[in-house]
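Structure record follows, encoded as structure tokens.
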Amino acid sequence: MHIRHVLPVVAVAGALAAVTAAPAQATEYSSALKVKGVQYDAPGPDSNRCSGGNTKDEYLTIKNYSRTATVDLKGYVVRDATGNKFTFTATHRLEPGDYVKLRGGRGTNSDAGNVVYRQNCNFIWNNDKDTIYLLKPGGARADVHSYTKSANDRDGNGYITYHG
């Protein structure tokens, strides 16, 4: 008799565990570098003109969350769901706790200013939904996040924070 009562409780507990499991995008990858946040929708009307456009106002912030290791971004790749990508081709070292903003548009890269420009005036992130991939030089995932404007941008400012 006790067995009949125990099995339903175990089945219900298992179902609750399955319902509360973390989503696939919450997977933690073994990397010191993670996406801190993304300004996926540049303020104002989108204009991808190289002169006077606002692609530089769309950016991805990548942070080194290590307490001890310096990480060189050379060879890391950032891409979206459709395959638009940017590869860090030059040395850019992030000290522990340091970050870099990968901006659209054209500009001068600066270690001191924590900025790298994509040297491309096209927007990379979709304004309604997209997936952000940060890939290690060998192609392994360092961090991945999917977003939808309606679910992840509650205040509607075009910016989403992932790792604080």
Ignoring hydrogens and angles, write down the donor-acceptor pairs under 3.5 Å from the side chains of residues 113-125, residues two or more places apart or on other chains.
{"from": "Arg118", "atom 1": "NH2", "to": "Asn122", "atom 2": "O", "distance (Å)": "2.5"}
{"from": "Gln119", "atom 1": "OE1", "to": "Gly107", "atom 2": "N", "distance (Å)": "3.4"}
{"from": "Gln119", "atom 1": "NE2", "to": "Gly107", "atom 2": "O", "distance (Å)": "2.6"}
{"from": "Asn120", "atom 1": "OD1", "to": "Asn122", "atom 2": "N", "distance (Å)": "2.7"}
{"from": "Asn120", "atom 1": "OD1", "to": "Asn122", "atom 2": "ND2", "distance (Å)": "3.4"}
{"from": "Asn122", "atom 1": "OD1", "to": "Asn48", "atom 2": "ND2", "distance (Å)": "3.2"}

**Item:** Pairs involving residues 61-77, ordered by first then second residue, that meet salt bridge (Lys or Arg N to Asp or Glu O under 4.0 Å) (sequence neighbours left out)
**Value:**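 Qualifying pairs: none.
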**Asked** What pairs of residues pass the salt bridge (Lys or Arg N to Asp or Glu O under 4.0 Å) test when at least one of them lies in residues 36-46, not counting sequence neighbours?
**Response** Asp41-Lys149
Contacts of [X] that satisfy side chain to side chain donor-acceptor pair (under 3.5 Å) - sequence neighbours left out:
X: Ser47; value: Arg49
X: Thr148; value: none
X: Asp80; value: Thr82, Asn84
X: Tyr59; value: none

Tell me which donor-acceptor pairs under 3.5 Å the side chains of residues 87-96 have, and how far apart each pair is, sequence neighbours excluded?
{"from": "His92", "atom 1": "ND1", "to": "Asp111", "atom 2": "OD1", "distance (Å)": "2.5"}
{"from": "His92", "atom 1": "NE2", "to": "Asp111", "atom 2": "OD1", "distance (Å)": "3.4"}
{"from": "Glu95", "atom 1": "OE1", "to": "Thr70", "atom 2": "OG1", "distance (Å)": "3.0"}

Return each pair, listed once, that meets disulfide (SG to SG under 2.5 Å) where at least one residue sits in [range]; pairs must be two or more places apart or across chains.
range: residues 126-164; result: none
range: residues 125-157; result: none
range: residues 135-164; result: none

Nearest heavy-atom pair of [X] and [Y]: which atoms, and what distance?
X: Gly44; Y: Asn54; value: O-ND2, 4.0 Å
X: Tyr99; Y: Thr61; value: CD1-CG2, 3.9 Å
X: Thr68; Y: Ser66; value: N-OG, 3.0 Å

**Set of residues satisfying ring-ring contact (aromatic ring centres under 6.0 Å, His included) with respect to Tyr65, sequence neighbours excluded** = His163
**Single-linkage hydrophobic cluster Tyr159~Leu102, side-chain heavy atoms < 4.5 angstrom** = no
**Request:** To the nearest 0.5 Å, tell me how far Tyr40 OH sits from Asn127 CG.
**Result:**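 Tyr40 OH to Asn127 CG: 7.0 Å, rounded to 0.5 Å.
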